[in-house]
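What follows is one structure encoded as structure tokens, with my remarks underneath.
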Amino acid sequence: MEKTFDAARAEAEIADLWDAKNAFAAGTNAGPDAKPFCILLPPPNVTGSLHMGHAFNHTLMDILARWHRMRGDDVLWQPGLDHAGIATQMVVERQLAAAGNIGRRDMGREAFVAKVWEWKGKSGGTILDQCRRLGDSFDLSRNAFTMSGAPGAPAGEEGNFHDAVLKAFVSLYDKGLIYRGKRLVNWDPHFETAISDLEVEQVEEKGSLWRLRYPLENGATYEHPIEFDAEGKPTAYETRDYLVVATTRPETMLGDTGVAVNPDDPRYTHLIGRSVRLPLVGRSIPIVADAYADPTKGTGAVKITPAHDFNDWEVGKRAGLRVINVMGTRAQIALKDNADFWDGIDGSDALAGLDGMDRYEARDAIVTLAHDEGWLDGIDAEPHMVPHGDRSKVAIEPLLTDQWFVKTEELAEKAMDAVRSDKTRILPERDEKTFFHWMENIEPWCISRQLWWGHQIPVWYGPEIDSEGKVVPGAVRAFCASTEQEVLKKAQEFYGASIPISFSREEGALREHVPPAAYGVDSDGTLGWTELDRDPDVLDTWFSSGIWPIGTMGWPENTPELAKYFPTSVLVTGFDIIFFWVARMMMMQLELTGKVPFKDVYIHALVRDEKGKKMSKSLGNVLDPIELIDEFGADAVRFTLTAMAAMGRDLKLSRDRIAGYRNFGTKLWNAARFAEMNDCRPVAGFDPASVTLTANKWIVGETGRVRETLDAALDAYRFNDAANVLYAHVWGNVCDWYVELAKPLFQDAAAAEETRATMAWVLDQCLILLHPLMPFITEALWGQIAARPKLLVHTDWPSYGAELVDAAADAEMGWIVALIEEIRSVRAQMHVPAGAKVPLIQLDLGPDQAAALERDRALVARLARIERFETAAEAPKGAVTLTVRGATFCLPLADVIDIAAERERLGKAADKLAKEAAGLKAKLGNPAFVAKAPEDVVDENRARLGAAEEELGILRAAQARLASL
RNA sequence: GGGCGAUUAGCUCAGUGGUAGAGCGCUUCGUUCACAUCGAAGAUGUCGGCGGUUCGAACCCGUCAUCGCCCA
């Protein structure tokens, strides 16, 4: 064997080996009555590449999958990709532009979607190859895609996900849980689509607060307070014929339809009910009372633009104000042909100049006009939060449009019930609170997107007809079904079997659905013929990923997978998509199947850089998991992430830490090398309970304990505990102690055979127990150590436990280890050369200790570098005394002893003991403690006091001897 | 403004009522036949402050301070 593990070479070989054996196929290694264990990979974006967050998320899932597989469960780890509507459309559009292609609008919908599929086939899903580097053991033969089976999907992309999404939509639509409505939505002017609340990020910007003077109508004036006394009472007034409003968005003033003041604001109450004349526009708009106006902010008077602000929309509704939209889909000022706007006013040259301007150009222009025309009161710098699209990074614009919404209130109630009744557990508990907080305040979910890459909404429109069969001009009738045949059937039922109906193949308007011009009305006003026009919008990506659990298992068909693996066992995911994904999956699965999608949800935190900063490309602090794997090996990266995965806390990743766990792999590797050099080969039928030597019994017992602790940790998703118990066992128990203890035993003919067999067994157990965390190095060693019937990935998980612990052997090893450590410590403090061998003199020894020393003399001799064992009644002059539970020894170091150092050592040890004894004495002297504390705690304290006092006595004697020297 | 959380060794962090821990870093010593990606020994803590509950508090409760994150 080499001195170190060649991760790069071995990992590739092992990955090929697993592939060749199809090692991760669902159900592999399942026992006869196997329990299903199913875990869903949160589908990464098809555009994505593996980042640290994935690496963390996947590592945890892979540990669970491998652990359950080895335990003989029927494991399905379901992988797949998300079509990621906006993100993917963005990537492909950018590429088309870079290649000098025509834009998507010129290309047309069908051609563009074909381009996206082409891109997906070439460069989509590189992330899945990267997952392989990490060791992800998902079943790639079941790889799913949220757009599989959609119209235009090329060969190889068949699948039923598209059907499932449409059926889910139709099902919710038929239940009245999906509706279309004209509402103010978050509009992304870059992508020209609506987005949901969750896709909006608030970004603080340095902005200004502009104060604008709106003249009072009919020459009215009022007294505005300008000076105040110490109590805040006005002492001076000025006469104003205008009202000053403060705004962060002067450009929206074109759409103002009112001014609000607080009903309790004495400055303005007398103005309520009067009107101001909107500058530039010339519209007369009312001054209304609304608590939304905050007297402490700005001037206390706020302009109301119901069409362009969510708060103003509410105020407008309460006050019955008009809604006048003054912007287009690219957030440009849109006044031309805007009937609403021109209603009740006359044009002006200034307005004509503003038409078509970008919103920010318009802002500057309007402020300049205000200044020139004298209605700019002033400008204050004020930072404020501006909503931005999370993909486009441009400021979103509230816009009044027709969109599709999911009624989330009822669905949320069911999801909350499932969590309250523990049908689904959310861990850690804190995130359950977050879940409830959001669900209780849930808003309707806007699911329509004005994009092309996605599931087109399965709704077709035709003309509305009244009860007498007459066409209602301008009204629209919607038909929802998952196929054209079904739509046709529904339409035919509605309009009558004799009406010729066909489908319009033209691309409809982008958002506003008007009844198709292409229909005929007979002379009696009834419908003669019609075309049906499909809604051009697509569904929010999260609508389709919302049915990921059932969609990947063949729903709505009643497949064997659904029967077996659904509801799934556990969902492992980051806190950032609790609302986007987890909550929505809960709602949709419950509504569509009546079942929760998963029994447990384990929410993990974010991977940050070593300074605690979020990793981001712009900060340049991104650690690329693939680079780290190249440098340190996948096992080291995985183990690091696992060890740092304390529940609910962000983890700060540093290269030092990864290097440390790379060293851990090397340590394991060298332990195996040691075993090989000493001819330790796995013995068939080896029974760990049958060993006879203390050291062997001890390590066997430790292994049993580790198995139990490890399983308990994984069972509770305490991944860091799992990593730490393994680390401490392999490095501490096995490498530091057992390997060293074995060396003298190998020299002893009577002990060698059993020890070799035990060593081989212990190492095998280390490989098995470590495999879920460090799959590559353990699989490599497993194959290297011996020919095996099965790969390690399929080796049965052990069931032994603490019954392997032999209390006597445990106590004896504990004592021997303490003795060795004490001797080493004294040697180091007395500056005994590391290589020098010294005699050990036993002064006072209990019977158990004497027996132990007799049995394990060779171990002590080697590990503490003792040249011979002697017995004496009293310590010789210049000897250093040492105490180990129930025994007193000394080291005759007359030649080398440093009296000052020894005095210091004894003094320090005695002080520490005296302090401890005093504390214990005080505790035991407290009657309340003795009366109320549990008996075993009291006993334990008594025992500790006894031991401390005894040892203290010995140290005092040693101090006295030293003083007499 | 509302909600959630954090504060423990130089650093990064475990630790849910009974002897304060790990890794890294640091100091000293050491290449004894698995491993220098190593070994041995060592130093370092009013567990953020104050108050309370308790026989007993890093842990439970209250409060203050500081710092995060999410939502407005």
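Just so it is clear, the structure is predicted and the values come from calculations on it, not from any experiment.
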State, yes or no, whether a side-chain contact exists between A/Leu859 and A/Leu745 at a heavy-atom distance under 4.5 Å.
-> yes
Which whole number of Å gives the distance between the C1' atom of B/rC61 and that of B/rA57?
-> 11 Å
Rounded to whole Å, CD of A/Glu432 lies from P of B/rC4 at a distance of 14 Å
How far does the C1' atom of B/rC11 sit from the matching atom of B/rC71, given to the nearest Å?
-> 33 Å
Considering every strand shown, what is the Watson-Crick or G-U wobble mate of B/rG10 when both distances are under 3.5 Å?
-> B/rC24
Run the ring-centre check on A/Tyr661 versus A/Tyr727 and record whether the distance is less than 6.0 Å.
-> yes
With a 4.5 Å limit on heavy-atom distance, are the side chains of A/Glu916 and A/Lys912 in contact?
-> no
Quote, to the nearest angstrom, the P distance that separates B/rC4 from B/rA40.
-> 47 Å
Selection from B/rG42, B/rA34, B/rA72 that lies nearest to any side-chain heavy atom of A/Met677 = B/rA34
Distance-only polar pair, side chains of A/Ser825 and A/Gln829, donor-acceptor under 3.5 Å = yes
Establish whether the base of B/rC35 is bridged to the side chain of A/Lys3 by a donor-acceptor pair shorter than 3.5 Å.
-> no
Nearest-angstrom distance, C1' atom, B/rG68 to B/rG56 | 33 Å
Who does B/rG45 pair with, Watson-Crick or G-U, both distances under 3.5 Å?
-> none
How far, in whole Å, is B/rG62 from B/rU54 if one measures between their C1' atoms?
-> 15 Å
Any donor-acceptor pair under 3.5 Å linking the side chain of A/His604 with the backbone of A/Tyr602?
-> no
Return the nearest nucleotide to the side chain of A/His437; candidates are B/rA14, B/rC35, B/rG3.
-> B/rG3
Base-pairing mate for B/rC67 - Watson-Crick or G-U, with both contacts under 3.5 Å | B/rG5
Look at the side-chain N and O atoms of A/Lys667 and state whether any lies under 4.0 Å from the OP1 or OP2 oxygen of B/rG39.
-> yes
Take A/Thr4 and A/Asn678, find for each the nucleotide of RNA chain B with the closest heavy atom, and name the residue whose nucleotide sits nearer the 5' end.
-> A/Asn678
Write down the distance separating the C1' atoms in B/rA34 and B/rG39, rounded off to the nearest Å.
-> 12 Å
Once you round it to whole Å, what is the distance between P of B/rA41 and CZ of A/Arg865?
-> 14 Å
May I have the distance from A/Asp939 (atom CG) to B/rC55 (atom C1'), rounded to whole angstrom?
-> 15 Å
For A/Lys743 and B/rC33, what is the distance between atoms NZ and C1' respectively, to the nearest whole Å?
-> 8 Å
Looking across every strand, which nucleic acid part, if any, lies under 4.0 Å from A/Thr434 by heavy atom: base, sugar-phosphate, or nothing?
-> nothing
Would A/Tyr738 and A/Asn696 count as having a side-chain donor-acceptor pair, cut-off 3.5 Å?
-> yes
Touch class at under 4.0 angstrom, heavy-atom based, for A/Glu440 against every strand present | nothing
Any protein N or O atoms within reach of nucleotides 16-26 of chain B? Criterion: under 3.5 Å, listing atom names and distances.
unit_1, atom_1, unit_2, atom_2, d
B/rU19, O4', A/Arg944, NH2, 3.1

Rounded to whole angstrom units, what separation is found between the CD atom of A/Glu631 and the C1' atom of B/rU37?
-> 12 Å
How is A/Arg662 classified with respect to the nucleic acid when contacts are heavy atoms under 4.0 Å: base, sugar-phosphate, or nothing?
-> base
Mate of B/rU31 where both pairing distances stay under 3.5 Å, Watson-Crick or G-U | none
Heavy-atom nearest nucleotide on RNA chain B taken for A/Val930 and for A/Arg673; more 5' hit belongs to A/Arg673
For B/rG17, which nucleotide in any strand shown is its Watson-Crick or wobble partner with both distances under 3.5 Å?
-> none
Between the side chain of A/Asp309 and the main-chain N/O of A/Asn311, is any donor-acceptor distance below 3.5 Å?
-> yes
Say you pick atom C1' in B/rC35 and the same atom in B/rG49; how far apart are they, in whole Å?
-> 48 Å
Go ahead and name the base partner of B/rU54; Watson-Crick or wobble counts if both distances stay under 3.5 Å, otherwise write none.
-> none
Here the distance between atom C1' of B/rA40 and atom CG of A/Asp736, to the nearest Å, is 10 Å
Which nucleotide in B/rG5, B/rA41, B/rA43 has an atom nearest any side-chain atom of A/Ser825 | B/rA41
Kindly say whether A/Asn720 contributes a backbone atom to a donor-acceptor pair with the side chain of A/Asn724 at under 3.5 angstrom?
-> yes
Write down the distance between CE (A/Met385) and C1' (B/rG1), rounded to a whole number of angstrom.
-> 13 Å
When you look at A/Leu628 and A/Met52, which way does the side chain to side chain contact (heavy atoms under 4.5 Å, CB included) test go after all the steps?
-> CA-CA 10 Å; A/Leu628 292 174; A/Met52 235 37 240; 4.0 Å; yes
Walk me through it: do A/Thr703 and A/Gln765 pass the test side chain to side chain donor-acceptor pair (under 3.5 Å)?
-> CA-CA 7 Å; A/Thr703 303; A/Gln765 302 314 305; over 6 Å; no
Spacing of the P atoms in B/rC60 and B/rU16 (rounded, Å) = 9 Å
A/Lys433 side-chain N/O to B/rG5 phosphate OP1/OP2 under 4.0 Å = yes
Between CG of A/Asn926 and P of B/rA57 the distance, given in whole Å, is 11 Å
